[in-house]
Amino acid sequence: MRIASRLYYPAVIVILLFSVVAAGAADQTIVLKAARMFDGKSKSLIPNGVVVVQGDKIVDVGSNLPVSAGAKVIDLGDMTLSPGFMDAHTHLTLDFSGDFNKRRLEQLDLNVSEQAIRAVGYARRTVEAGFTTVRDVGSRFVSSREFVDVALRNAINKGVIVGPRMLVATKGIGATGGHFDPTGGFRDFLFGREPDYTDGIANGPDEVRKAVRFEVKNGADVIKAAVSGGVLSLADEVDTPQFTPAEMAALVDESHRLRKKVAVHCHGDQAAREAIEAGVDSIEHGSFMKPQTVALLKQKGTFLTPTLMASEYIMSKIDQYPPMLQAKAREATAARSEMFRNAVKMGVRISFGTDAAVFPHGQNAKEFALMTGLGMAAIDALKSATSNDAELLGIAQKVGTLEKGKLADIIAMPGDPIADITATERVSFVMKEGKIIRNGPPSMQTAAESTNITDIAAPVD
Ligand SMILES: [Zn+2]
């Protein structure tokens, strides 16, 4: 009997403690208060914003809401609450910033596992900057079979590491010799074979379908393709089409049949027109799009992901790129500002995306000031990074606005981002699915990494 009770009581205590902890986690109400709130959809900021969080969800949102007894109140003072930012164009497993040739050699030198370990830091830096969701549109390592973006996404989802929610594209799909050909610019057959669909390289509609199926099989949430040349590739012109209309039709049809959205890297006007006609979901970059093509974008409701930061960074470090890339960067940057102004004037749906990896991870929010500098209203720039991106990514039912029932992805920045859009670069509170990732200075890891990061030297325009 004595033995039995000795066994019995600790067991009861353990069970009771466990139930208290479990109930506490589910029922703990957190009330976030700040001087202002951007809810992701309204035309202006709401004063005295209050967001009530329970577990991983938002249970109430409003101005001056009463606080229930027992709730944990976090009063952020003179700050602005916002839905977590999203970036529809990142490469969290890569880093192309800094000297181009040095990086190119590093990509060949470094063990892919080491590059994956580095990506853990990039993910943390990104979420600590207020970006609670990213679409990751291409993760490729020359002559490697690894799916590092899938691994990173899964490790974040399982709580193994801290990072943003990721929708990943795996390798992306492109043509032989095109922007995505990982052997472009190297001596022929240096890597022993021509890349094929397993590397995301496809020619002809059937091969494009095979590449889509292969990427979905290996964990792609979204399909990314390069339908025109690019800036940071050595074997193509920046604006030439790289897929035929028949290949684009196959790309879109196969992806949509598998319920995946299609994002296309595209600088050139002709390729953009053909891609929009084929029914892609977003045009990434779009630098050389003529007004008629921008009008077609508007008519079809296709999203534009402008990635102004990419050209901004390259132009600020132009000496660090080979002469051929310098010429391509100059051309694309000169064209993209007018294209973007046109898109804003015509009321095109603009999804916030930066091309993080071309510049150091964590500086994504600098895109906001570039957008407003080219004529976009601050409130619309904020919407592009919240409700617009949620819609493009197909996750608007779960995130993108501060609304009852949505996941508690909530950030806060000092001051008023409408009066000073650079407030977005100073996010100091980050909550993802109800868990506080940051409240105050960045984590030690991020602070330590940031000391080695090169910043943008001077704005371009
Ligand atoms: Zn990119």
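Hydrogens, waters and symmetry mates are skipped; everything else that's a heavy atom, side chains included, is used. Computed from a predicted model, the values in this text were never measured in an experiment.
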Participant: Would you call the rings of His267 and His285 parallel, tilted or perpendicular, taking 30° and 60° as the class edges?
Facilitator: parallel
Participant: Does Gln320 use its side chain to pair, donor to acceptor, with the backbone of Asp99 at less than 3.5 Å?
Facilitator: yes
Participant: Would you call the rings of Phe186 and Phe191 parallel, tilted or perpendicular if under 30° counts as parallel and over 60° as perpendicular?
Facilitator: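 Geometry flag for Phe191 against Phe186: perpendicular rings.
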Participant: For residues Ser282 and Ser351, is any side-chain donor paired with an opposing acceptor at under 3.5 Å?
Facilitator: no
Participant: Are any of the side-chain heavy atoms of Glu284 and Arg135 separated by less than 4.5 Å?
Facilitator: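 Counting from C-beta outward, Glu284 and Arg135 do come under 4.5 Å.
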Participant: Drop me the distance from Ser42's OG to Leu402's CG, to the nearest 0.5 angstrom.
Facilitator: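 These two atoms lie 9.5 Å from each other.
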Participant: Report, as yes or no, whether the 6.0 Å neighbourhood of atom NZ on Lys33 holds more than 12 heavy atoms from other residues, nucleotides or ligands.
Facilitator: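 Not more than 12 within 6.0 Å, no.
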Participant: Without swapping roles, check the side chain of Ser428 against the backbone of Asn439 for a donor-acceptor pair under 3.5 Å.
Facilitator: no
Participant: Got a donor-acceptor contact below 3.5 angstrom from the Asp199 side chain to the Asp196 backbone?
Facilitator: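 Yes: the side chain of Asp199 pairs with the backbone of Asp196.
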Participant: Tell me which pairs pass side-chain hydrogen bond (donor to acceptor under 3.5 Å, both in side chains) where either residue lies in residues 173-185, with sequence neighbours left out.
Facilitator: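 Every side-chain hydrogen bond (donor to acceptor under 3.5 Å, both in side chains) pair that includes a residue of residues 173-185, provided the two are not neighbours, is Thr176-Asn203, His179-Ser233, Asp181-Thr183.
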Participant: Is it the case that over 12 heavy atoms from other parts of the model lie below 6.0 angstrom from the CZ atom of Arg259?
Facilitator: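 No - once you tally the heavy atoms of other residues, nucleotides and ligands closer than 6.0 Å, there are 12 at most.
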Participant: Would you confirm whether Arg153, through its side chain, and Arg165, through its main-chain N or O, come within 3.5 Å as a donor-acceptor pair?
Facilitator: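 It does not hold such a pair.
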Participant: Is the backbone of Val216 close enough, under 3.5 Å, to the side chain of Asn218 for a donor and an acceptor to pair up by distance?
Facilitator: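 Between the backbone of Val216 and the side chain of Asn218 there is no qualifying donor-acceptor contact (under 3.5 Å).
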Participant: For Gly230, does its backbone N or O pair with a side-chain atom of Asp236 as donor and acceptor, under 3.5 Å?
Facilitator: yes
Participant: Tell me whether Asp409 contacts the main-chain N or O of Lys432 through its side chain, where contact means a donor paired with an acceptor under 3.5 Å.
Facilitator: no
Participant: Think Lys171 forms a cation-pi with Phe147, using NZ or CZ under 6.0 Å from the six-ring centre and within 45 degrees of its axis?
Facilitator: yes
Participant: Using atom types as modelled and distance alone, determine if a side-chain donor or acceptor of Lys404 lies under 3.5 Å from a backbone N or O of Val61.
Facilitator: no
